[in-house]
Amino acid sequence: MTRSADQTQAGRGRVERPNAATYKEAGDTLRAGGLVAFPTETVYGLGTDATNDEAVAAIFEAKGRPRFNPLIVHVRDADAAARLVVFDDRAQALAKRFWPGPLSLVLRRATDCPISLLCSAGLETLAIRVPDHPVGQALLRTASRPIAAPSANPAGAISPTRAEHVADSLGDNVDLILDGGPCPVGIESTVLDISGETAILLRPGGIPVEALSKVIGPIAPAEAGTPHASPGMLASHYAPRLPLRLEADSVRADEALLAFGPSPVAGAAHTENLSRRGDVKEAAAKLFAALRRLDQPNLTGIAVMPIPETGLGAAINDRLRRAAAPRDQKDRPQPGTYLLDKIESIVGSKGLITDAEAMAPHLNELRGRFQGHAQCIVRPASTAEVAEVVRLCAEADTAIVPQGGNTGLVAGGIPFEDGRAVVLNLGRMNKIRALDAANDTITVEAGCILHDVQQAAAAADHLFPVSLGAEGSCQIGGNISTNAGGIQVLRYGNMREQVLGLEVVLPDGRVWDGLRALRKDNTGYDLKQLFIGAEGTLGVITAAVLRLHPRPRERASAFAAVRDLNAAVDLLGRMRSAVGDAVTSFELFPRLGIDLALAHVPGIQDPLAERHDWYVLVEITGGGGGDLQEALEITLTTALEDGLVPDATIAASQAQTDSFWRLREIMVDAQKSVGGSIKHDIAVPVSAVPAFIARASAAVSALIPGIRPVPFGHLGDGNIHFNLTHPEGADKAAYLARWEEVNRVVHDIVTEFSGSISAEHGIGRMKVEENRRYKSAVEIELMRTVKVALDPKGIMNPGKIVPR
Ligand SMILES: Cc1cc2nc3c(=O)[nH]c(=O)nc-3n(C[C@H](O)[C@H](O)[C@H](O)COP(=O)(O)OP(=O)(O)OC[C@H]3O[C@@H](n4cnc5c(N)ncnc54)[C@H](O)[C@@H]3O)c2cc1C
């Protein structure tokens, strides 16, 4: 903040009539980072420069407002709004009809949006409106910048509709109060979230929702657990000191009465009638002033007569319900309060983390792209504890984010920044419950580390085949929830193929025991499939029965150069026709990937003497008949003779096999070491991989000349990590800023091949919008239907996978 000490202190809290001099003073104060209260048609706002972080922080301080509660930014007109947010057709239509006026729109922030992130409470959205009050408009003109302005009162208390309300409650915390008389609408703006496909009503207000629906069609109500994208979503708000009693048809002598209509009930100590003629518009304008007058220390409560839900009545009743809500809910997010105490009573002190430092590893995504906040991390030790915690959170409408090893690459296990969710980490549930060698199954708890399950299987002379780079820390629950793939999918399939049974805690706390170890069970819907790949949005997986496989007795691997990508696909076909399903892995490398590894990763050697454009790593495993090495040799020799394979080397030792795999594992790090890489995790039919890589490489090169494609990965599964290193000498940040633009080009081509934009890593938070773009409306609607059927309150990992 750039205010001088003199400016800061002199005459704070002064109430002035608006005129040329006071407008000038107010504009100067705002530009210097000060706080000016001013009237809008809804309520008085506490305004400051929305682009100044320190000034915005001062608003939170002055109001005692929780940081997870966003602020509405006021601008002069729709053109000014369109410079700050992604202003789509719906926004245009609504702005045309209702701006200036009491409507706030929640939209995605524009890439170069200069508004302080504090206004968004860390979300990717911004609430914005154009006020229709001459003083508000004049101030916006004089300040010549967007103004962040929540209601000018302490957080949670009754909103101010007159200048004296502001002076009484905030006084010295404000630099200047402009007195423009009573606010004509008297109730806050309607807040509509149109940042996603579905329009969601976050707060009823000065414009009835029916009027909005006429312009943009259906509007959904906000679900419990909806990220806190707007003010007015706290359970307890607008509260006088006295308790409120709603729908009163009688009143006690020691109560005040908030009346409505021509026949107020008799007997109250003090009565305020919102509208004798039963007009909700008049009632809205009078509501907050009347509540203030009724809030008298010598009384025991305020009885409120019924008010119809029609028109502005919906907004009046919303305010009254929040004013009547139990006050302890207001402070719910704070440690030590009701919910956290209850959770601790279920899981004990070992199972609850509230210390910021200890919580941090659970709140940050591995690659540092997402940093969430949460009320706490809960680490239950049993299914019963998980069930109790989930039941409690369901009762408290509190979102739950299930989490395993937190190695996911799309932030599915990271909570949103509003800090209202509870992270439920399964790490303490890490027992192997049973291993049935004769049935080839293992029953494990969700928190078992993948590597430990592989080891347990090996100790019983079996194989658990899912294998991936994060296997030392990812957990079975996370593997199932992301339907993890890895390097042996070609032979054994994804995680889905390994799961025979599941135990799941449902979003209402009931336990579904589906731990069946059967290969045949046609007794209706295969419910376990719903939870596999659901990324924690439908329930918490607590245990699983997994399929085991015979341990391979023999392994042969080769590193081969291929003439081109068509030759690589051809070689895969030849291998499979030679040894069938024994082909376990078939991984692709481009020359640039090898070059980057050789240049930047110590200890790496080029497996072949000559340089070639493309290479594959082939691995064959089998039962020990002793013929795999020979089959590999014969197939490669024939391919060499036919010109498909210019050169190849077959591993003569385990060390050599390991060196091939090391090269594969460091592909990502090799790219990282040269700078920025825009990534794609796509799948197309195996036969289409050559055409896809050719088309996509040409398209991105046309978009960004000099871009360096490094497509590598699971060619045998049609799953290519189509990663794009920046042009040599290019600015890394400027390059990475084009991430979405490049994604669009690549994913459009993936779609033309009927492919997948996320073959392994899932959707999580990162690809929700992308998924919505590429899936059909029918698919998205079906996913929503499933979500609502299992999780009607929307508390289970909300905002992940399924667009809101
Ligand atoms: C180096 C590296 C290599 C990788 N290689 C691969 C690869 O080859 N193939 C691949 O598919 N992935 C890969 N991944 C991604 C990641 O490791 C996997 O997605 C893994 O399965 C995630 O497991 P996790 O326990 O870490 O889950 P988390 O990251 O904790 O969570 C992932 C998702 O599952 C949900 N979840 C977690 N546990 C539960 C539960 N018990 N019940 C309900 N929901 C739950 C979370 O809410 C979240 O949405 C790799 C990651 C890294 C870092």
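Remember, it's 1-based here, ligands and their atoms both numbered in the order they're listed.
Ligand 1 has an N or O atom lying under 3.5 Å from an N or O atom of Asn406, backbone or side chain. Residue-to-ligand polar distances place Gly485 within reach of ligand 1: an N/O pair is separated by less than 3.5 Å. Taking only nitrogen or oxygen atoms, main chain and side chain alike, Asn483 does not reach within less than 3.5 Å of ligand 1. For ligand 1, the polar-atom distance check finds an N/O of Gln475 within less than 3.5 Å of one of the ligand's N/O atoms. The shortest N or O to N or O distance between Leu366 and ligand 1 is not under 3.5 Å. Considering backbone and side-chain N/O atoms, Cys474 never comes within less than 3.5 Å of an N/O atom of ligand 1. Below 3.5 Å of separation, one finds an N or O of Gly412 facing an N or O of ligand 1. At under 3.5 Å, not a single nitrogen or oxygen of His761, backbone or side chain, sits near a nitrogen or oxygen of ligand 1.
Annotation: cation-pi pair Arg765/Phe416 present, NZ/CZ under 6.0 Å from the ring centroid and within 45° of its normal.
Side-chain atoms of Asp791 come within 3.5 Å of backbone atoms of Met796 as a donor-acceptor pair (strictly under, hydrogens ignored).
A donor atom on one side chain and an acceptor atom on the other are not found under 3.5 Å apart for Glu587 and Trp661.
At least one heavy atom of Gly539 sits closer than 4.0 Å to an atom of ligand 1. Remark: distances from the non-hydrogen atoms of Gly764 to ligand 1 are all 4.0 Å or more. Heavy atoms of Val401 come nearer than 4.0 angstrom to ligand 1 in no pair at all. For Lys800, the closest heavy-atom approach to ligand 1 does not fall below 4.0 Å.
The distance from ligand 1 to the heavy atoms of Leu426 drops below 4.0 Å at these ligand atoms: 41 (N). Near Ala470, meaning under 4.0 Å from any of its heavy atoms, are these atoms of ligand 1: 2 (C), 3 (C), 17 (O), 51 (C), 52 (C), 53 (C). Less than 4.0 angstrom separates some heavy atom of Ala484 from each of these atoms of ligand 1: 11 (O), 21 (O). Of all the atoms in ligand 1, the ones that sit under 4.0 Å from a non-hydrogen atom of Asn479 are 20 (C), 21 (O), 23 (O). With ligand atoms numbered from 1 in the order given, ligand 1 contributes 35 (C), 47 (O), 49 (O) to contacts under 4.0 Å with heavy atoms of Glu535.
With respect to atom 16 (C) of ligand 1, the closest heavy atom belonging to the protein is Thr407 OG1, 3.4 Å. For atom 45 (C) of ligand 1, the closest non-hydrogen atom on the protein side is Ser481 OG, 3.1 Å. Closest to atom 14 (N) of ligand 1 among all protein heavy atoms lies Leu409 CD1, 4.1 Å.
Between Lys800 atom NZ and Lys767 atom NZ the span is 15.0 Å, to the nearest 0.5 Å.
Using a 4.0 Å cut-off between charged side-chain N and carboxylate O, Asp658 and Arg662 make no salt bridge. Checked for salt-bridge contact, Arg576 and Asp581 meet the test: a charged N lies under 4.0 Å from a carboxylate O. Look at Arg516 and Asp521 and you find a salt bridge, because one of the NZ, NE, NH1 or NH2 atoms lies within 4.0 Å of a carboxylate O, short of that distance. A salt bridge links Glu619 with Arg555; the closest basic N to acidic carboxylate O contact falls under 4.0 Å. A salt bridge between Glu781 and Arg784 is present, with a side-chain N of the basic residue lying under 4.0 Å from a carboxylate O of the acidic one. Look at Arg391 and Glu388 and you find no salt bridge, because none of the NZ, NE, NH1 or NH2 atoms lies under 4.0 Å from a carboxylate O. Under the 4.0 Å criterion applied to side-chain N and carboxylate O atoms, Lys528 and Asp526 are assigned as salt-bridge partners.
For atom 46 (C) of ligand 1, the nearest non-hydrogen atom from the set Pro402, Gly536, Gly427 belongs to Pro402.
For Ile541, heavy-atom contacts with ligand 1 shorter than 4.0 Å involve the backbone as well as the side chain. Contacts with ligand 1 closer than 4.0 Å are made by side-chain heavy atoms of Asn797 only, the backbone lying farther away. By the criterion of a heavy-atom distance under 4.0 Å, the side chain of Thr482, and not its backbone, is placed next to ligand 1.
With sequence neighbours excluded, no residue forms a side-chain hydrogen bond (donor to acceptor under 3.5 Å, both in side chains) with Ser585.
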